[in-house]
Amino acid sequence: MPTRSSVGWFPHPGACPDAPARGRTAVGVDVVDVPRFARLVALRGPMMADRVFSPAELETCRGSPQRLAARFAAKEAGAKALGLGIGPLAWRDVEVRTGARGAPVLVLHGAARVAARAQGLDRWSVSLSHDATRAVAFVVATEARRAGR
Ligand SMILES: CC(C)(COP(=O)(O)OP(=O)(O)OC[C@H]1O[C@@H](n2cnc3c(N)ncnc32)[C@H](O)[C@@H]1OP(=O)(O)O)[C@@H](O)C(=O)NCCC(=O)NCCS
């Protein structure tokens, strides 16, 4: 088993004797085809946008299909991190807000918030990336309470 003194990396925290105790980590990732997403939004119209996105998300994205698609991916990725499909959740239960220096912040509402609390997943992070054709979101949730913070 590698240790800190023998090599510079650890396959998992348990391999490092002085690694801080951590709770469970849950992850979710999703990729969205931007042109396909844009066609869907155009087809379904503003009612779909209002059902899927919060007013703050719509305001932030200002109609950019790439940015909206990235937030759509974040909703799917958040649902995956919860171990749920979008089915039991409402789209707007997983919201991306914009934090300091443009960094995205994941905020849970409704059923997503209830499910996260039930699982003890109380720290959420999201990263977004998009170009003309693809939008990606990666979500990480951790049990911060068990980490003693
Ligand atoms: C933030 C940065 C890494 C984004 O990378 P990119 O390749 O241009 O674009 P990507 O599609 O991969 O990522 C875009 C997403 O990054 C996220 N992002 C933006 N700022 C961020 C930050 N400070 N921290 C974490 N994520 C950030 C946003 O979610 C953004 O999506 P959004 O615009 O829809 O909200 C890049 O723009 C950067 O390094 N910025 C800092 C330096 C800077 O601002 N330079 C400009 C002045 S010289």
Side-chain angles (χ1 to χ4, degrees), residues 4 8-13 15-16 19-149:
R4 178 173 282 180
W9 58 273
F10 312 100
H12 55 81
C16 175
R22 291 187 196 282
R24 188 168 74 91
T25 297
V27 300
V29 65
D30 195 64
V31 58
V32 170
D33 180 313
V34 172
R36 190 164 159 253
F37 171 80
R39 283 197 297 274
L40 192 70
V41 172
L43 193 71
R44 301 266 177 92
M47 269 184 64
M48 178 208 169
D50 287 342
R51 190 165 58 88
V52 172
F53 300 105
S54 71
E57 287 172 324
L58 292 171
E59 164 75 19
T60 297
C61 294
R62 297 182 184 277
S64 159
Q66 291 88 356
R67 301 185 79 197
L68 287 168
R71 281 148 183 83
F72 190 83
K75 293 167 193 288
E76 302 256 28
K80 288 178 184 175
L82 285 169
L84 305 168
I86 274 292
L89 310 177
W91 290 108
R92 283 171 56 163
D93 284 352
V94 181
E95 181 186 22
V96 176
R97 292 200 191 145
T98 304
R101 282 177 281 173
V105 176
L106 204 77
V107 181
L108 302 182
H109 309 278
R113 193 179 172 123
V114 170
R117 280 209 179 137
Q119 296 181 42
L121 294 170
D122 43 15
R123 288 205 166 190
W124 288 78
S125 303
V126 62
S127 186
L128 308 179
S129 185
H130 43 73
D131 64 15
T133 58
R134 293 278 185 277
V136 175
F138 185 64
V139 167
V140 178
T142 52
E143 287 181 285
R145 280 172 297 184
R146 278 206 205 158
R149 278 173 273 167

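Nothing fancy with the numbering, it's 1 onward along the sequence. Source: prediction; values computed, not measured. Both counts, for ligands and for their atoms, begin at 1 and track the order of listing.
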Q) Is the closest heavy-atom distance from Q66 to ligand 1 below 4.0 Å? A)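 Contact absent.
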Q: Starting from the C-alpha separation in whole Å, work towards a yes-or-no answer on side chain to side chain contact (heavy atoms under 4.5 Å, CB included) for L82 and Q119.
A: CA-CA 8 Å; L82 285 169; Q119 296 181 42; 4.1 Å; yes
Does some non-hydrogen atom of the protein lie less than 4.0 angstrom from [atom]?
atom                    : answer
atom 36 (C) of ligand 1 : no
atom 23 (N) of ligand 1 : yes
atom 48 (S) of ligand 1 : no
atom 13 (O) of ligand 1 : yes
atom 2 (C) of ligand 1  : no
atom 45 (N) of ligand 1 : no
atom 8 (O) of ligand 1  : no
atom 5 (O) of ligand 1  : no

Measuring from atom [atom1] of [X] to atom [atom2] of [Y], what distance do you get when rounded to the nearest 0.5 angstrom?
X    : Y    : atom1 : atom2 : result
R113 : W124 : CZ    : CH2   : 12.0 Å
S54  : R71  : OG    : CZ    : 9.5 Å
L89  : E76  : CG    : CD    : 10.5 Å

Should one rank [options] by closest heavy-atom distance to [atom], which comes out on top?
atom                    : options               : value
atom 21 (C) of ligand 1 : S64, A137, S125, A103 : A103
atom 33 (O) of ligand 1 : R67, R134, R97, R101  : R67
atom 26 (N) of ligand 1 : A135, G99, A70, P104  : P104

Minimal non-hydrogen separation, [X] against [Y], with atom names:
X   : Y    : value
V94 : L106 : CG1-CD1, 3.7 Å
F53 : F37  : CZ-CZ, 3.7 Å
V41 : M48  : CA-SD, 3.9 Å
D50 : R92  : O-NH1, 2.8 Å

Q) Which atoms of ligand 1 have any heavy atom of R71 under 4.0 Å away? A) 32 (P), 34 (O), 35 (O)
What residue and heavy atom of the protein are closest to [atom], and at what distance?
atom                    : answer
atom 30 (C) of ligand 1 : H130 NE2, 4.2 Å
atom 10 (P) of ligand 1 : S129 OG, 3.7 Å
atom 18 (N) of ligand 1 : G102 O, 3.4 Å
atom 16 (O) of ligand 1 : L128 O, 3.6 Å

(Q) Using a 3.5 Å distance criterion without hydrogens, assess whether the side chain of E95 forms a donor-acceptor pair with backbone atoms of H109. (A)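 Flag not set: sc E95 to bb H109 has no pair under 3.5 Å.
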Q: Taking R67 for its side chain and T60 for its backbone only, find out whether a donor-acceptor pair lies under 3.5 Å.
A: yes
Q: Kindly indicate whether the side chain of L68, heavy atoms from C-beta on, has any atom under 4.5 Å from the side chain of L58.
A: yes
